[in-house]
Amino acid sequence: MTDNIPIDDLNDLMKRRREELDELLKKGINPYPHNFERTDFSADLIKNYDENSPKQNVKIAGRIMSVRKMGKTLFSHIQDSKGRIQIYLKKDEMGDSFENYHLLDIGDIIGVDGYLFKTKTGEVSIHAQKYILLSKSLRPLPIVKEKIDEAGNKTFFDPFSDKELRYRQRYVDLAVNENVKEVFLKRTAIITAMREYLNSQNCIEVETPVLQPLYGGAAARPFVTHHNALDQKLFLRIADELYLKRLIVGGFDAVYEISKDFRNEGMDRTHNPEFTMMELYVAYKDYNWMMQFVEEMIFFIVNKINSNSKINLGVNEIDFNPPWKRLSMFESIKKYTNENLQNSDLDEIKKIAKKLNIDMPLVISRGGLIDQIFSERVQPNLIQPTFIYDYPVEVSPLAKKHRTIPGLTERFEGFVNGQELCNAFSELNDPIDQRERFTEQKKLHLQGDLEAHQIDEDYLRALEYGMPPTAGLGVGIDRLVMLLTGAESIRDVIFFPQMKPEE
RNA sequence: GAGCGCGUAGCUCAGUGGUAGAGCAUUUCCCUUUUAAGGAAAGGGUCGAUGGUUCGAUCCCAUCCGCGCUCACCA
């Protein structure tokens, strides 16, 4: 045997594959050669096939996905990165090589040399002249069969559907479930389009620390780690914000970072402990400017991946064409609850919240309660792209106070399909005010609010040197991808979502 | 964290208080344009784990593990 796994622990299918491996070795066939010079891809060959042109020699490589033996001939489907193509083998042309195909399995990776033809039933296929084994597969792949009707629609039979297995063994999921790869290709296209847009607007992509001595920039509990050499506690970042704004202090006009953040909190349909954020900071701008920037950026991205500005999500057709709807938070609450909270104090709002049947924690600020009412009664209704602006100061410790309305900040969030898509504000650059906000947060932390912000003295020092007026933005990339792919779970847009250990 | 549900062959799933079935996959045979190929035969399972009830448990009960959905938390 060729490895250390006790043979008794293997199921029959795996035993058989190891036997085949031994038989191949005995025949002098290398089951794991080093390379293959391929010249073609399945989908391109099928798309560009011309019946009238002379025999075209092709070389493809990929995974065997089906085998149909018919005595002295066989048909087999080979899957490469672009799709699948059928190959045709004849015994009287290939001799031993034909017989050896019996030692191959679904899942094996081969290279095929042959010429194109069209079968009786009209499928563009490769008449193989020779093939070479490139990698022997020792584990049975789940078998997903597909039927293609005359209109070209595919029906999948017994898809590999166990979510646990799909997430734990994404490589299998990708190999056998065709539509999974499309989601991730779209994810990449979305991020590429976003970079393209940001770069075109002269924003500079930068990198800031993932390991931070103090975490900040969001309300969340962190992951904690330890640096041995420094014998120091370090946190995985929960946001990039405070470091990016230090760069604005340093003189950059517009910086952005697309990166992983980490939050030590619950996992569900829309939360993974590590997730991807894009944060952008632009000097000398405010939140009004940023609102327009966001809708234009998203419009650009949607058009780029979609070729128009509309997407269908269930029964809703969502149109990203700017300008998006704009409502102040108070207006939105008035619209969906008919309650005007603007001039009400905490006790009055508590009464209203009770009337509206809002879940209320024992201790909550006026602003916190307003935000709570908004989340429960307004947010689910925001289907078409909508900006909600002017948030209470208590829930926005890094946002600049509103230029005219006391108690509010110049902050907005974008909502689509009832989900938050982005968060942005005119950045607080007054170091005195920022210290007060931090102090307020510190009090909350001491009262047991584990998500309250810490006092970051170095960040305050940076602000004291002077930060220009700045507009900042955060976009949850995973949720944007969910939105644009129609994914129902964040796990469907993250290759390897967090799972509990297997054993 | 709570509630509900699930865990049976490699995969997708039935099923029963008397230690199990199907389709695909696998093995053998037939088949030189098939395509969810077809035909004939065969093999394959500590029914998630551990306890308990029972003459007897895969099934009933308890605990645990893992997963899913919903809710809570989390901008």
Side-chain angles (χ1 to χ4, degrees), chain A residues 10-17 19-20 65-77 84-94 98 102 105-107 117-123 125 127 137-149 154-169 172-173 176-177 217-221 238-239 263-273 275 277 359 361 368 371-372 374-375 379 388 391 395-397 399 411-415 419-424 449-451 474 476 479 488-489 491 499-503:
Chain A
L10 302 177
N11 65 45
D12 287 348
L13 299 176
M14 290 173 69
K15 277 182 197 167
R16 174 60 194 154
R17 287 182 180 224
E19 284 166 17
E20 286 168 345
M65 298 306 285
S66 66
V67 183
R68 290 175 294 283
K69 288 178 195 167
M70 306 186 53
K72 296 183 179 62
T73 66
L74 69 83
F75 289 92
S76 190
H77 269 103
R84 290 183 184 186
I85 190 166
Q86 180 172 252
I87 63 169
Y88 174 60
L89 275 65
K90 281 177 99 166
K91 184 177 181 181
D92 58 12
E93 292 173 0
M94 300 189 96
F98 182 88
H102 294 220
D105 289 290
I106 289 172
F117 76 109
K118 205 169 200 173
T119 64
K120 273 183 185 168
T121 51
E123 179 167 351
S125 307
H127 190 127
S137 163
L138 297 180
R139 276 180 192 269
L141 218 48
I143 306 295
V144 179
K145 297 221 172 188
E146 57 178 58
K147 184 187 176 75
I148 304 173
D149 67 20
K154 282 183 185 171
T155 311
F156 295 99
F157 296 87
D158 298 332
F160 179 53
S161 57
D162 184 307
K163 287 192 177 176
E164 178 179 6
L165 289 178
R166 287 185 47 222
Y167 297 145
R168 285 193 195 281
Q169 303 184 37
V172 175
D173 190 28
V176 304
N177 290 335
R221 289 152 71 181
I238 58 172
R263 297 187 185 175
N264 205 339
E265 284 160 354
M267 292 156 59
D268 63 26
R269 224 167 51 74
T270 54
H271 296 82
N272 194 60
F275 60 100
M277 281 278 282
D359 288 328
D371 191 41
Q372 184 76 18
F374 169 80
S375 301
Q379 187 179 331
I388 300 296
Y391 279 59
V395 294
S396 315
R411 172 184 175 189
F412 72 85
E413 293 189 328
F415 294 90
Q419 292 273 329
E420 180 198 335
L421 186 65
C422 67
N423 181 21
D449 181 353
L450 297 172
E451 282 136 20
R479 291 186 188 172
E488 287 177 0
S489 167
R491 291 181 155 187
M499 304 284 284
K500 287 191 190 172
E502 276 183 75
E503 277 155 336

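Please read these numbers as outputs of a predicted model, since none were measured by experiment. So that the names make sense, note that chain A is the first sequence line, chain B the second, and so on, each numbered from 1.
The side chain of A:Lys147 contributes an N or O atom lying less than 4.0 Å from OP1 or OP2 of B:A36. A sub-4.0 Å separation between OP1 or OP2 of B:C69 and a side-chain N or O of A:Lys163 is present. Considering only side-chain N and O atoms, A:Arg168 lies under 4.0 angstrom from the phosphate OP1 or OP2 of B:C67. Residue A:Arg16 places at least one side-chain N or O under 4.0 Å from the OP1 or OP2 atom of B:U27. Close to B:C13, at under 4.0 Å from its OP1 or OP2, lies a side-chain N or O of A:Ser161. For the pair A:Lys145 and B:A25, the criterion of a side-chain N or O lying under 4.0 Å from OP1 or OP2 is met.
Counting distance only, with no hydrogens placed and no angle test, the side-chain atoms of A:Asp162 and the base atoms of B:C11 include no donor-acceptor pair under 3.5 Å. You'll find a donor-acceptor pair under 3.5 Å spanning the side chain of A:Asp158 and the base of B:G23, going by distance alone. With hydrogens and angles ignored, a donor-acceptor pair under 3.5 angstrom links the side chain of A:Asp92 to the base of B:U32. In terms of polar N and O atoms assigned as donor or acceptor, the side chain of A:Gln86 comes within less than 3.5 Å of the base of B:U34 in a complementary pairing.
Contacts of A:Glu123 with the nucleic acid, taken as non-hydrogen atoms under 4.0 Å apart, include base atoms. As judged by a 4.0 angstrom heavy-atom cut-off over every strand, A:Lys69 is placed among the base-contacting residues. Within the nucleic acid shown, A:Arg68 comes within 4.0 Å of at least one base atom, counting heavy atoms only. A:Arg411 comes within 4.0 angstrom of a nucleotide base, judged by non-hydrogen atoms across all strands. Looking at heavy-atom distances under 4.0 Å, A:Phe157 makes contact with a base.
Between A:Ser125 and the options A:Thr119, A:Ile87, A:Ile85, a side chain to side chain contact (heavy atoms under 4.5 Å, CB included) holds for only A:Thr119.
When distances run from any side-chain atom of A:Asp105 to the nucleotides B:C31, B:U34, B:U27, the shortest one goes to B:U27. The A:Asp268 side chain lies nearest to B:A72 when the options are B:A25, B:U33, B:A72. Checked against B:U26, B:C24, B:U32, the side chain of A:Ile143 finds its nearest nucleotide in B:C24. Picking from B:G68, B:U34, B:C11 the nucleotide with the shortest atom distance to the side chain of A:Leu165 gives B:C11.
No donor-acceptor distance shorter than 3.5 angstrom exists from the side chain of A:Asp105 to the backbone of A:Gly107, with no hydrogens or angles considered.
Atom OH in A:Tyr88 sits 9.0 Å away from atom CG in A:Leu74 (nearest 0.5 Å).
Looking at A:Glu20 and A:Arg16, a side-chain N of the basic residue comes within less than 4.0 Å of a carboxylate O on the acidic one, giving a salt bridge.
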